[in-house]
2 protein chains.
Amino acid sequence: MRDYYTITELTREFDISTRTIRFYEDEGLIAPIRRGRTRLFRHSDRQLLKNILRGKRLGFSIAEIREIMQMYKNPPGEGGQLRTIVRRVGEKRRELEQKRRDIEELLRELDAAEEACLTRMAELGVAPHS
Amino acid sequence: MRDYYTITELTREFDISTRTIRFYEDEGLIAPIRRGRTRLFRHSDRQLLKNILRGKRLGFSIAEIREIMQMYKNPPGEGGQLRTIVRRVGEKRRELEQKRRDIEELLRELDAAEEACLTRMAELGVAPHS
DNA sequence: TGCCGGATTTACGTAAAAGTCAATTTTTCA
DNA sequence: TGAAAAATTGACTTTTACGTAAATCCGGCA
């Protein structure tokens, strides 16, 4: 297990550009250490990047991703702040549950569409795969 | 059950602007009928709008939503086209399944974050809700 | 030591998805 | 019928999330 990843290693692993990674750094989502001017990414940085990309796949904006990341990087914090976090966790959870319902619905519709295609292909006497 | 919806009824129901609806029309995603220049939305138009917004919530672009909608609006079609649709349905399904895994992961992390907050609050002797 | 390839910085560019504004037009209904 | 309210159109603007280009810098090595 290597100590550090270079920026290009990460661009290859996740199929994103260096510009994208630097952009996330500018946005304060990751903070790799430096040797001179060169960025060195720790395992934790790589993990954060993974989380960012997961958020992106789910359609969250940078601002939303930042907010989510702050939730589970909660510092000791004061009582009121903790309650705020708990409330926002609840909101995000509901949002994710809505997305999950959306996915289930869409999957059902895709199933129906596929079946309609296969039925029609059978009628036409077409082979199901190339 | 009314025959038609006006544009403002839909903007209120779905909490979007008229500009957004007109934009979707320009993009060819919906095609309400006209009485004079005024748009009249049928139930099917409303349903399409619902589908569009579901796609948006899942982070799909307009282009992707258009592609998905073409899948289950598949016309009689010719054999090769049917196979193309079946293939693309498969791709979208895998994409959705990835999103579903992403959601499960994120939900687990939110659970952990919430629990950490609650534990900390108990230590501080703070009441769990306002 | 001189060069080469990768990394960085700075700055401007851009596509997608609307928002905003102004000028009409249309509809409604008192 | 006539004015207020609602809808339309077109043009321009904004925001987000990077892309791209140019200039610079740095570390290794022949």
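Computed from a predicted model, the values in this text were never measured in an experiment.
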Write down the protein N/O and nucleotide N/O pairs, taken from nucleotides 16-18 of chain C, whose separation is under 3.5 Å; answer none if there are no such pairs.
from	atom 1	to	atom 2	distance (Å)
C:dA17	OP1	B:I62	N	2.8
C:dA18	OP2	B:Y24	OH	2.8
C:dA18	OP2	B:K56	NZ	3.1

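- Taking the side-chain contact (heavy atoms from CB on, under 4.5 Å) definition, one finds that B:F14 meets it with B:L10, B:I16, B:R46, B:L49, B:K50, B:L53, sequence neighbours left out.
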Do nucleotides 22-30 of chain C as a string where each nucleotide becomes B, S or -: B if the base has a protein heavy atom under 4.0 Å, S if just the sugar-phosphate does, - if no protein is that close.
---S-S---

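- For A:S44, the side-chain contact (heavy atoms from CB on, under 4.5 Å) test picks out A:R42, with sequence neighbours left out.
- Residue A:L40 belongs to a hydrophobic cluster whose other members are A:Y4, A:I33, with links defined by side-chain heavy atoms closer than 4.5 Å.
- By the salt bridge (charged side-chain N to carboxylate O under 4.0 Å, His left out) test, B:R87 is found to be paired with B:E91, residues two or more places apart in sequence or in another chain being considered.
- Residues forming a salt bridge (charged side-chain N to carboxylate O under 4.0 Å, His left out) with B:R93 (at least two apart in sequence, or on another chain): A:D111, A:E114.
- When DNA chain D is scanned in the 5' to 3' direction for atoms under 4.0 Å from non-hydrogen atoms of chain A, the outermost contacting nucleotides are D:dA17 to D:dC25.
- Separating the CD1 atom of B:I21 from the P atom of C:dT20 is a distance of 16 Å, rounded to the nearest angstrom.
- Contacts of B:R22 with the nucleic acid, taken as non-hydrogen atoms under 4.0 Å apart, include base atoms.
- With a 4.5 Å cut-off between side-chain heavy atoms of Ile, Leu, Val, Met, Phe, Trp and Tyr, the cluster of A:L82 takes in A:V86, B:L118, B:M121, B:L124, B:V126.
- Between the side chains of A:T11 and A:T8, not a single donor N or O lies within less than 3.5 Å of an accepting N or O.
- When the side-chain contact (heavy atoms from CB on, under 4.5 Å) test is applied to A:T38, no partner is found at least two apart in sequence or on another chain.
- Considering only residues two or more places apart in sequence or on other chains, B:R57 meets the salt bridge (charged side-chain N to carboxylate O under 4.0 Å, His left out) condition with A:D102.
- Every residue two or more places apart in sequence or in another chain was checked for a side chain to side chain donor-acceptor pair (under 3.5 Å) with B:Q81, and none qualifies.
- Nucleic acid contact class of A:T18 (heavy atoms, under 4.0 Å, all strands): none.
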